[in-house]
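One structure is given below, encoded as structure tokens.
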Amino acid sequence: MDSGTLRLLAAAGHRMTVPSGAVLLAAGDRCSGYLIVLQGAVRLQKTSEGGREIVLYRLGPGESCPLNISALLTGEPYPVDAVTETAVTAIILSEAAFNRLIAGSDVFRRSVFSIYSSRMVDLLQLIDKIAFGRIDVRLAGWLVEHAANRPVKATQQELAAELGTAREVVARQLKKFEMQGWLTRRSRTIEVLNPVALRRLVTNPG
């Protein structure tokens, strides 16, 4: 979101600060405003009836949630949980202010629908990965991105949520990687020993 749009939002909305671990919106809530993150990170996740979680995406500084936009435009309940991963500073626009800016500001309207469009592409790519991507390749990609240069703390359940699969699937694949000498695990810590092999799997799955 550009600086001009942020100035517009700052004039029409109010700032709020939320601690880490707070639920900004829960699935089924009615959206009463439009939220834009200024600082910090928000995780958007979906939980199945059986309790399985999947991380859809994250919001960082200058970003807003397309599902928040959709809920405001349609009046439908918010479909996911929005949870702060760090302390978050944000601007919140009332529903009335959001509708007023959508109707009266070309700059705001273009910004909102640009965010909506780009995030919908991200969601389609996520669906494609979950539906058609191999779990060993996706797990290797996650490890290359997050753990190739340093140990990371992540439970099997957290990894399953990130990858949109079951904890048992992640456990089996981590054990295979460990038996191949590609990583080692101690408690909740994963240390990559052979990042070259993981990158090779990602780029050339075979």
Side-chain angles (χ1 to χ4, degrees), residues 1-49 51-102 105 107-123 125-126 142 145-147 150 152-164 188:
M1 191 169 288
D2 61 76
S3 58
T5 305
L6 286 174
R7 285 194 297 271
L8 187 68
L9 295 175
H14 69 271
R15 290 172 75 105
M16 59 184 292
T17 301
V18 184
S20 175
V23 178
L24 292 174
L25 280 167
D29 284 353
R30 182 185 182 280
C31 286
S32 59
Y34 175 59
L35 186 136
I36 306 93
V37 176
L38 297 179
Q39 294 179 322
V42 179
R43 181 178 71 252
L44 284 299
Q45 62 188 37
K46 181 72 173 174
T47 305
S48 72
E49 291 184 1
R52 254 181 64 183
E53 294 180 350
I54 177 172
V55 176
L56 301 176
Y57 50 83
R58 289 174 170 84
L59 303 178
E63 295 182 328
S64 60
C65 175
L67 299 174
N68 183 189
I69 296 168
S70 177
L72 284 170
L73 292 175
T74 64
E76 293 293 323
Y78 195 63
V80 299
D81 298 317
V83 183
T84 58
E85 290 193 319
T86 66
V88 167
T89 301
I91 293 174
I92 183 76
L93 279 180
S94 69
E95 185 175 5
F98 173 83
N99 289 331
R100 186 171 64 251
L101 285 173
I102 280 286
S105 170
V107 171
F108 179 72
R109 188 165 52 251
R110 284 196 300 268
S111 177
V112 164
F113 286 108
S114 174
I115 290 168
Y116 186 87
S117 176
S118 64
R119 282 297 187 182
M120 288 300 104
V121 171
D122 291 343
L123 284 175
Q125 290 175 342
L126 175 63
W142 190 95
E145 181 180 355
H146 295 89
R150 66 193 187 284
V152 295
K153 290 188 178 297
T155 65
Q156 293 172 2
Q157 187 58 56
E158 288 168 343
L159 285 174
E162 292 289 339
L163 299 173
R188 296 178 66 242

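Note: hydrogens, waters and symmetry copies are ignored here, and every other heavy atom, side chains too, is used.
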>> Using every non-hydrogen atom in the two residues, find where Ile91 and Gly13 come nearest and quote the distance to one decimal.
In response: CG2-CA, 4.2 Å

> Are side-chain heavy atoms of Pro66 and Met120 found at a separation under 4.5 Å?
Replying inline: yes

>> side-chain contact (heavy atoms from CB on, under 4.5 Å) for Asn68 and Phe98? Distances and angles first, verdict last.
In response: CA-CA 11 Å; Asn68 183 189; Phe98 173 83; over 6 Å; no

> Sub-3.5 Å donor-acceptor pair from the side chain of Ser117 to the main-chain atoms of Phe113, do we have one?
Replying inline: no

> Could you state the interatomic distance from CG (Leu56) to CG (Asp122), rounded to the nearest 0.5 Å?
Replying inline: 11.0 Å

> Could you state the interatomic distance from CD (Glu53) to OG1 (Thr47), rounded to the nearest 0.5 Å?
Replying inline: 4.0 Å

> Stepwise, does the salt bridge (Lys or Arg N to Asp or Glu O under 4.0 Å) test hold for Glu63 with Arg119?
Replying inline: CA-CA 10 Å; Glu63 295 182 328; Arg119 282 297 187 182; 3.0 Å; yes

> In Å and rounded to the nearest 0.5 Å, what is the CG to SG distance from Leu59 to Cys65?
Replying inline: 5.5 Å

> Can you tell me how far the OH atom of Tyr116 sits from the OG atom of Ser111, to the nearest 0.5 Å?
Replying inline: 15.0 Å

> Can you list every pair that meets salt bridge (Lys or Arg N to Asp or Glu O under 4.0 Å) and has a residue in residues 14-41, with sequence neighbours left out?
Replying inline: Arg30-Glu95

> Between Gly28 and Pro77, which heavy-atom pair has the shortest distance, and what is it?
Replying inline: O-CB, 3.7 Å

> For the side chain of Ser114 and the backbone of Arg110, is there at least one donor-acceptor N/O pair under 3.5 Å apart?
Replying inline: no

>> Angle between ring planes, Trp142 versus His146, binned at 30° and 60°: parallel, tilted or perpendicular?
In response: parallel

>> Could you report the tightest heavy-atom contact between Leu35 and Ala90, atom names first, then the distance?
In response: CG-CB, 3.9 Å

> How far does OG1 of Thr84 sit from CG of Leu24, to the nearest 0.5 angstrom?
Replying inline: 5.5 Å

> Nearest heavy-atom pair of Leu72 and Gly33: which atoms, and what distance?
Replying inline: CD1-O, 3.6 Å

> What heavy-atom pair brings Arg52 and Gly164 nearest, and what distance separates the two atoms?
Replying inline: NH2-O, 3.4 Å

> Quick one: CG on Leu123 to OG on Ser118, what's the gap to the nearest 0.5 Å?
Replying inline: 10.0 Å

>> Would you say that Leu67 contacts Tyr57 through its side chain, given a criterion of any heavy-atom pair below 4.5 Å between the two side chains?
In response: yes

Quick one: side chains of residues 36-43, donor-acceptor pairs under 3.5 Å with protein atoms, not counting sequence neighbours, listed by atom name and distance.
residue, atom, partner, partner atom, Å
Arg43, NE, Gln45, OE1, 2.6
Arg43, NH1, Glu85, OE2, 3.0
Arg43, NH2, Gln45, OE1, 3.2

> Side chains of Tyr34 and Val112: closer than 4.5 Å at any heavy-atom pair?
Replying inline: yes

